[in-house]
Amino acid sequence: MEWDWDFAWSIMPTLLAGFRITLIATVLGAMVAAVLGLVFAILRRSPNRLVARTTGFVVEFIRGTPLLVQLYFIFYVLPDLGIRLPALTAGVIGMGLHYATYAAEVYRGGIEAVPRGQWEAAKATNLTTRQTWLHVVLPQAVPPMIPAMANYLLAMFKETPLLSAITVLELMNQAKSVANSSYRYVEPMTLVGVMFLVVSLISVIGLRWLERRYGRISR
Amino acid sequence: MGDWAGYLTLILMGAWVTVKLTLMGSALALVVAFVAGLGRISRHAAVRWLATAYIEFFRGTSIFVQLFWIYFVLPMTGAELTPMQAGVMALGLNVGAYGAEVVRGAILAVPRDQHEACVAVNLTRFQRMRHIILPQALPLMLPTFGNNAIELLKATSVVSLISLSDMTFQAQVVRSQTGSTLMPFVTILLLYFAMSSALSFGMRRLERRVTRGLDGVR
């Protein structure tokens, strides 16, 4: 096994093109996860027992099954039911849905960490539901959520290679196609590893800063 | 759709591979977690540094990248691995890195006076760990270990991509042979859910056993 720098440089543009798709998938997936997660969290708090139970089960089910299989489900099963999605869209929805269940827990933890007295005080001063949420609960609930959310964002970024299994041409898939056409695995696979490692090591520094700035969710 | 039973058998064979992977991967992960977790709080800077490098490396990249690296790049150094060995190694090393942080956190969470009391009664370092610190740290680790085991179970589906015939792989085989998509994928989703539910149930039982008699202590 020897490392060929010329070859490594020559495949860089292809890998970077894949990296762009990886970033796009991460950002879009994170947006889906943030919104859907909030929906899950709110539905789970619903006063209607049936809605709350059903949401709870759905969340547990999604958390208890592999992301890869969920991606296959969206990519292969939905077209048979008449819903045809491009690979990237399917991937973004799959990842977003999967991580929404994790985000829902973060939302729930953040909201429950607001002391009961705050809710009671809001009621006592005759604030509307909207005012209570916007001016009392959310400003206290959101900051502790930020480090946990950033953590899941990083986790999701690292999971994007799974999208290659449903033909999205992201970083891993580009590396695989380069490797398969040149019969050289060492450089592409190692470069992919290094790229992920560099991004996540930098992110870890960012995460530490976020944790110092906003603190962890206290249990 | 004629040969339903045959295809179900195929998927169940895959389920057995998934179970084996989960068990062996968890066993390796547990060992690695303790070695690296204790390494991170070692007296020797070199050991600490090595453990930190291992943990950051395996937490910084995804299981998928690690698996492909182990399966495709390692053989070029002469280490030939079967898909099963590569799968267990990737799963164990990846989840072990997460577990190491749990081990470290739990050991550091044992109150300082316990350490001081050990010094006061002149226990050796080994005795201190074995009889005082670890028995108190273990119950703290268990809930997170349970979550890690479920993450490992879910991660086993990735090995299907290096042509190891686990449950996900078999579902793909059924899909390509029958053209039916709903049946194989719904079946394996339900099986995965059943397995992860069984895991979390088992871990809760274990937790209750280990924390028995500790009420009021914490």
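Numbers restart at 1 for each chain; the letters A, B, ... are given by sequence-line order, proteins then strands. This one's a predicted model, so the numbers in the text were calculated from it and none came from an experiment.
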Note to self: What I'd like to find out is whether the side chain of B:Ser62 reaches to under 4.5 Å of the side chain of A:Phe196, using heavy atoms alone.
What the structure shows: no
Next item on the list: Sort A:Leu201 into side chain, backbone, both or neither according to what part of it lies under 4.5 angstrom from a heavy atom of chain B.
Entry: side chain
Next item on the list: For atom CZ of B:Arg48, decide whether the heavy atoms of other residues, nucleotides or ligands shown that lie under 6.0 angstrom number more than 12.
Entry: yes
Notebook entry, point to check: Measuring from A:Thr65:OG1 to B:Ile150:CD1, what's the distance to the nearest 0.5 Å?
Noted result: 11.5 Å
Notebook entry, point to check: Highest number of heavy-atom pairs under 4.5 Å with chain B: which of A:Val204, A:Leu197, A:Leu171, A:Leu162?
Noted result: A:Leu197
Item checked: Heavy atoms from other residues, nucleotides or ligands near CZ of B:Phe201 exceed 12 (cutoff 6.0 Å) -> no
Notebook entry, point to check: Of the backbone (N, CA, C, O) and the side chain (C-beta and beyond), which part of B:Gln66 lies under 4.5 Å from a heavy atom of chain A, both, or neither?
Noted result: neither
Notebook entry, point to check: For A:Glu187, which residues count as a side chain to side chain donor-acceptor pair (under 3.5 Å) partner, sequence neighbours excluded?
Noted result: A:Arg184
Notebook entry, point to check: With ring centroids as reference points, do A:Phe61 and B:Phe193 lie under 6.0 angstrom apart?
Noted result: yes
Next item on the list: Specify which of A:Ser164, A:Ala175, A:Gly64 makes the most heavy-atom pairs with chain B at under 4.5 Å.
Entry: A:Gly64
Next item on the list: To the nearest 0.5 angstrom, please state how far the CG atom of A:Asp80 sits from the OG1 atom of B:Thr181.
Entry: 3.5 Å
Note to self: Given heavy-atom pairs under 4.5 angstrom as the criterion, report whether the side chain, backbone, both or neither of B:Leu161 touches chain A.
What the structure shows: side chain
Margin query: Measuring only between side-chain heavy atoms, which start at C-beta, is B:Lys154 closer than 4.5 Å to A:Leu67?
Written below: no
Item checked: Main-chain N/O of B:Phe64 paired to A:Lys158 side chain as donor or acceptor, under 3.5 Å -> no
Notebook entry, point to check: Can you tell me how far the CZ atom of B:Phe68 sits from the OH atom of A:Tyr185, to the nearest 0.5 Å?
Noted result: 8.5 Å
Notebook entry, point to check: Roughly how far, to the nearest 0.5 Å, is the CE atom of A:Met189 from the CG atom of B:Leu67?
Noted result: 10.0 Å
Item checked: Verdict with reasoning, B:Arg175 to A:Tyr72, per side chain to side chain contact (heavy atoms under 4.5 Å, CB included) -> CA-CA 11 Å; B:Arg175 179 183 72 83; A:Tyr72 282 153; over 6 Å; no
Notebook entry, point to check: With only heavy atoms counted, which part of B:Ile188 is less than 4.5 Å from chain A, the side chain, the backbone, both or neither?
Noted result: side chain
Next item on the list: Provide the closest heavy-atom pair for B:Thr61 versus A:Gly193 in the form atom of the first, atom of the second, distance.
Entry: CG2-O, 3.3 Å
Checklist line | Interatomic distance, B:Leu182 atom CG to A:Leu78 atom CG [nearest 0.5 angstrom] | finding: 9.5 Å
Checklist line | Criterion ring-ring contact (aromatic ring centres under 6.0 Å, His included) on A:Phe73 and B:Phe185, from CA distance to verdict | finding: CA-CA 6 Å; A:Phe73 190 90; B:Phe185 286 121; 7.2 Å; no
Next item on the list: Please step through side chain to side chain contact (heavy atoms under 4.5 Å, CB included) for the pair B:Ser160 and A:Leu68, ending with a clear verdict.
Entry: CA-CA 10 Å; B:Ser160 64; A:Leu68 179 63; 3.8 Å; yes
Check: At a heavy-atom separation under 4.5 Å, does A:Ser203 approach chain B through its side chain, its backbone, both, or neither?
Finding: neither
Next item on the list: Scan for side chain to side chain donor-acceptor pair (under 3.5 Å) pairs involving residues 40-53 of chain A, sequence neighbours excluded, and state none if there are none.
Entry: A:Arg44-A:Glu105
Item checked: Region of B:Ser197 in contact with chain A, defined by heavy-atom distances below 4.5 Å -> neither
